[in-house]
Amino acid sequence: MRPDSRQRTIGRAAALLLGAVLVGLGAAALAWYRLGPIARGTAWAEDGGLFLRERLQYGVDGTLLRPYAGYLHLLPRLVVDLAVHRPIEQYALTVSASSCAIVGVVAGAVFLLARDLVPAWPLRLVLAAVPVVFPLAPFEISGTAANLHWYMLVLVPWLFAYRARTWVGSAVVAVLALFAVLTELQTVVFVPLLLLAWLPFRSADARLQGLRALPVTVVALAAGAAQVTVSLTTPRVSRPGDPTLADVTHGYLLQPVAAMANRDIAAVGRLVAANGWWVLLVPAAAVAVLLVVALVVAAWRARVLLVALAGGSAVVWTAALVANASANAGWGTLDPAGLGALVPTRYAAASGMLLLSAVVLAAAVLADRRSWSRPVDALAGRTGGAVRVTGAIVGWCVVAVVVAAAVANVAPGPSQRADGPLWAPQVASSVAGCRADPDASVSVKTAPWGAQVPCTLVLLDR
């Protein structure tokens, strides 16, 4: 490689990396803002419950790969360990900040990994922002270690499908995949996407580039095997569900589909009760048409990703209802009163983020000139021209709708932690009691449970 070419290559790589870092920092900051001050300082569920309790009981070595609820939770365990090493009064804030930072990493990684399929950086920025701007994210999953596993489902399709250009990039992708797969069992659904990292094998250079998929393949298969083994050998407390087809389809429309545009699920339910299901069927049909058209004109790699993201959304939603009876609100039999009393569910956030990613990718495909550079007889019988312009207009209009929905829902709103209880004041108020009895523990309320914090931690560095 000539020196000037090498310098240009290094410059482009540096610019891409800088862009990804900026996207990650911006995404983390936006996730932090969307939580609101009360939610940031409130410990949620397992973050202040089982994860903290087991970390204090078994230490970091005994908890990192300790199963819970039938699978491994590597990232949440690491976040809790970090929070324990900081002043315990700041425990909730540390967990929230660390979780937002990890979501920033997810956004930055998607921004980099998707560049072959979505070359236009504004479109890729919207795609990368999906985990942060998804309307339902702050209600329960954002800023909590216990729900970081849902974000791994958004990241893993891009990790598995990516064709690394260098061995350094290959190693980074493998490391990210290790953390992702050891955090979420359902990432194994996307294992077939590893084939995209290996193919095609048409030339020697292509075969060499395909070999760079070896690290992520080995990591994904090994970590996936560990998750499956834990799932098969560890009992789950949750009672399995038995949803009907109506429960699955009606719930999918009411939660993941509706949540792409509106975080007020109860308001959506009231619209359905007053006007009928067409208020959801029409936008769902529009999404389906968009995905089908994109599948027709897209290159084969984009087609596979579109199917993986949209199909993954349906699989994650259905699996949630099958694996957890508590996840099914009887969507298929809700009366008007039930529709008007709907509350968001974390399963909708995971499924909805995948579906919204598919929508943005489909829009990017339509807006990409490369999609119209070959004959598309199924649509127009010719290349370019009015068809290309129409496709670009439709693609950018879809992106505009996604951005508008994100802006409309970006401010902090109702959430599971919006009413506290704040962690820090409770710890501060227990100092005097701990000084009187340093061997005791204090009860700290969380949302929705509680935590027992040893006085040794409360008094540390005081």
Side-chain angles (χ1 to χ4, degrees), residues 31-32 34-60 63-64 66-69 73-103 136-151 183 237-238 324 326-327 343-347 349-350 412-434 440-460 462:
W32 178 260
R34 294 194 70 200
L35 290 177
I38 303 299
R40 295 173 203 148
T42 301
W44 171 249
E46 288 89 350
D47 296 353
L50 181 133
F51 289 156
L52 175 59
R53 184 169 63 250
E54 290 191 341
R55 169 59 183 82
L56 296 176
Q57 181 177 357
Y58 301 110
V60 62
T63 55
L64 284 185
R66 188 177 183 85
Y68 167 63
H73 301 254
L74 179 59
L75 281 176
R77 301 286 194 177
L78 286 171
V79 168
V80 168
D81 182 64
L82 171 65
V84 167
H85 279 89
R86 299 198 70 251
I88 199 65
E89 189 171 337
Q90 299 176 18
Y91 178 83
L93 285 173
T94 301
V95 170
S96 296
S98 302
S99 299
C100 289
I102 289 173
V103 175
L136 275 192
F139 182 79
E140 181 172 341
I141 71 169
S142 183
T144 65
N147 287 294
L148 283 172
H149 60 107
W150 299 121
Y151 292 100
T183 299
V237 176
S238 299
N324 307 279
S326 59
V343 294
T345 169
R346 61 184 178 274
Y347 305 110
S415 75
Q416 297 279 37
R417 295 185 288 163
D419 297 325
L422 287 170
W423 176 279
Q426 298 180 74
V427 174
S429 65
S430 67
V431 172
C434 281
S441 296
V442 296
S443 296
V444 181
K445 294 180 180 179
T446 66
W449 305 328
Q452 293 293 316
V453 179
C455 282
T456 52
L457 288 179
V458 174
L459 297 177
L460 192 64
R462 289 184 183 273

Tyr68 and Phe51 aromatic ring geometry - parallel, tilted or perpendicular at 30°/60° bounds
perpendicular
Kindly say whether Ala447 contributes a backbone atom to a donor-acceptor pair with the side chain of Gln416 at under 3.5 angstrom?
no
Val79 versus Ser98, closest heavy-atom pair with distance
CG1-CB, 3.9 Å
Please identify each residue that fulfils side chain to side chain donor-acceptor pair (under 3.5 Å) with Glu89, with sequence neighbours left out.
Arg462
So, does Arg40 use its side chain to make a donor-acceptor pair with the main chain of Ser96 at under 3.5 Å?
no
Mind checking the CD-CG spacing from Gln57 to Leu50? Nearest 0.5 Å is all I need.
9.5 Å
I need the minimum non-hydrogen distance between Leu422 and Pro37, along with the two atoms involved.
CD2-O, 4.3 Å
Pairing residues for Asp419 by the salt bridge (charged side-chain N to carboxylate O under 4.0 Å, His left out) criterion, not counting sequence neighbours
none
Can you give me the closest heavy-atom contact between Leu52 and Ala451, atom names plus distance?
CD2-CB, 4.2 Å
Under 3.5 Å, is there a donor-acceptor pair between the side chain of Arg346 and the main chain of Glu140?
no
Just by distance, with hydrogens left out, do Gln452 and Ser443 show a side-chain donor and acceptor under 3.5 Å apart?
yes
State which residue, out of Ile141, Thr183, Leu75, fulfils the side chain to side chain contact (heavy atoms under 4.5 Å, CB included) condition with Tyr151.
Ile141
Is the side chain of Thr94 donor-acceptor paired with the backbone N or O of Ala83 at a distance under 3.5 Å, no angle test?
no
Flag, side chain of Asp47 to backbone of Ala145, donor-acceptor distance under 3.5 Å:
yes
Would you say the side-chain atoms of Arg417 pair up with the backbone N or O of Thr42, donor to acceptor, closer than 3.5 Å?
yes
Scanning both residues in full, the closest heavy-atom pair of Gly143 with Cys100 reads CA-SG, 4.1 Å
When you look at Leu457 and Leu56, which way does the side chain to side chain contact (heavy atoms under 4.5 Å, CB included) test go after all the steps?
CA-CA 10 Å; Leu457 288 179; Leu56 296 176; 3.6 Å; yes
